[in-house]
Amino acid sequence: GGRGVVGVALAARQHGNPTPDAYRLLTRAAELADRWGLPLVTLVDTPGADPRPASEADRLAAAIGDAFAAVLACRSPTLGLLLGEGGSGGALAALVCDALLRAPESYFAALIPEGAAAALRMSAQDAAAAMSVRPEDLDRVCDGWVTPDDVAPTVRGWLALLTAQDGAERHEARMRRWGGPVPMDPAPGPG
């Protein structure tokens, strides 16, 4: 719609999951959006962070924690799009936004249903039901829907809505929603 945004995708690539560098990129994107006063749009489709020892040695948990904090701290409007899989705390780090939209077949969980099924010794379908990660369960935490046919107009509409809100009030509501510390005297932010 002629507006600038800072966009970042957290997605699994063929034969791999997001590494610490992917979460560092998310952190930089949130910090740039905040500094430039541009909306932050995150796109998520990943079963989870890279579980390999090399990623753990490269401080994966710290990188996810930093990204989570940076998205929460961003004073610009933030919009998260869950377009498929939303597995692990890494997906949560990218989706702690003012508004969260989901695709019809998406899911969101700290552990993928297949992993829970193996740990709990049950089928993936039963694990998904027990974890409340089925697409219909997401209606409790998501603000709306997005489909491939209407991504651009839906994003434009939500960004217009978020940008029109008082920046300090919007940011405080995000912090309350996602459990972050609510600043006592927030610095004036863009939007």
Side-chain angles (χ1 to χ4, degrees), residues 1 3-12 17-18 22-34 36-49 63-112 132-165 167 169-180 189-191:
R3 300 192 67 205
V5 300
V6 175
V8 62
L10 188 63
N17 294 43
Y23 296 102
R24 291 181 189 113
L25 176 64
L26 175 58
T27 299
R28 285 193 306 274
E31 291 169 349
L32 285 173
D34 184 68
W36 293 340
L38 293 172
L40 174 68
V41 178
T42 64
L43 302 104
V44 173
D45 184 5
T46 180
I64 291 172
D66 291 345
F68 186 97
V71 173
L72 270 180
C74 180
R75 292 167 293 175
S76 295
T78 59
L79 178 65
L81 305 176
L82 179 57
L83 301 176
E85 295 181 280
S88 88
L92 179 62
L95 296 172
V96 290
C97 296
D98 296 317
L100 173 56
L101 307 179
R102 72 174 186 89
E105 299 300 317
S106 58
Y107 82 86
F108 194 28
L111 179 65
I112 62 172
S132 295
V133 297
R134 299 165 300 176
E136 58 269 22
D137 297 322
L138 285 175
D139 290 336
R140 292 179 287 129
V141 295
C142 293
D143 300 296
W145 294 66
V146 64
T147 63
D149 296 335
D150 68 357
V151 171
T154 301
V155 167
R156 277 194 304 270
W158 275 93
L159 289 178
L161 177 74
L162 294 170
T163 302
Q165 296 174 357
E169 290 176 11
R170 180 184 30 74
H171 188 245
E172 187 175 316
R174 180 187 335 144
M175 299 300 265
R176 276 194 308 270
R177 176 182 187 176
W178 297 107

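Hydrogens, waters and symmetry mates are skipped; everything else that's a heavy atom, side chains included, is used. Position 1 is the first residue of the sequence, and the numbers go up from there.
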Problem set entry | Under 3.5 Å: donor-acceptor pair, side chain of Ser76, backbone of Leu38 | yes
Problem set entry | Minimum heavy-atom distance between Asp143 and Arg177, given as atom pair plus value | OD2-NH1, 2.8 Å
For this session: For the pair Asp45 (side chain) and Ala11 (backbone), establish whether a donor and an acceptor sit closer than 3.5 Å, ignoring hydrogens and angles.
Result: no
Exercise. Are any side-chain N or O atoms of Thr42 and backbone N or O atoms of Ala94, one a donor and one an acceptor, separated by less than 3.5 Å?
Worked result: yes
Seminar exercise, completed: Taking every heavy atom of Trp178 against every heavy atom of Phe68, the minimum-distance pair comes out as O-CZ, 4.4 Å
Exercise. Which heavy-atom pair separates Ala33 from Leu40 by the least distance, and what is that distance?
Worked result: CB-CB, 3.9 Å
Problem set entry | Rounded distance (nearest 0.5 Å) linking atom CD1 of Ile64 with atom CZ of Arg24 | 10.5 Å
For this session: Using a 4.5 Å cut-off on heavy atoms from C-beta on, say whether the side chain of Leu10 contacts that of Leu95.
Result: no
Problem set entry | Derivation of the side chain to side chain contact (heavy atoms under 4.5 Å, CB included) call for Trp145 and Thr154 | CA-CA 8 Å; Trp145 294 66; Thr154 301; over 6 Å; no
Exercise. Would a distance-only check, ignoring hydrogens and angles, find a side-chain to backbone donor-acceptor pair under 3.5 Å from Thr27 to Ala67?
Worked result: yes
Exercise. Looking at Val6 and Ala29, what are the two nearest heavy atoms and their distance?
Worked result: CG1-O, 3.5 Å
For this session: Kindly compute the distance separating CG (Leu82) from CD (Glu105), expressed to the nearest 0.5 Å.
Result: 11.5 Å
Exercise. With distance as the sole test, does Arg174 use its side chain to make a donor-acceptor pair with the main-chain N or O of Leu72 at under 3.5 Å?
Worked result: yes
Problem set entry | Heavy-atom pair of closest approach, residues Pro77 and Leu162 | CB-CB, 3.8 Å
Exercise. Does the Thr78 side chain pair with the main chain of Asp98, one donor and one acceptor, at a distance under 3.5 Å?
Worked result: yes
Exercise. If you take all heavy atoms of Pro104 and Val146, which pair is closest and at what distance?
Worked result: CD-O, 3.5 Å
For this session: Start with the C-alpha gap between Cys97 and Leu79, add the side-chain angles, then the distance that decides, and say whether side chain to side chain contact (heavy atoms under 4.5 Å, CB included) holds.
Result: CA-CA 5 Å; Cys97 296; Leu79 178 65; 5.6 Å; no
Exercise. About how many Å separate CG of Leu101 and OG1 of Thr147, when rounded to the nearest 0.5 Å?
Worked result: 11.0 Å
For this session: Mark yes or no for whether Arg75, through its side chain, and Gly37, through its backbone, hold a donor-acceptor pair below 3.5 Å.
Result: no
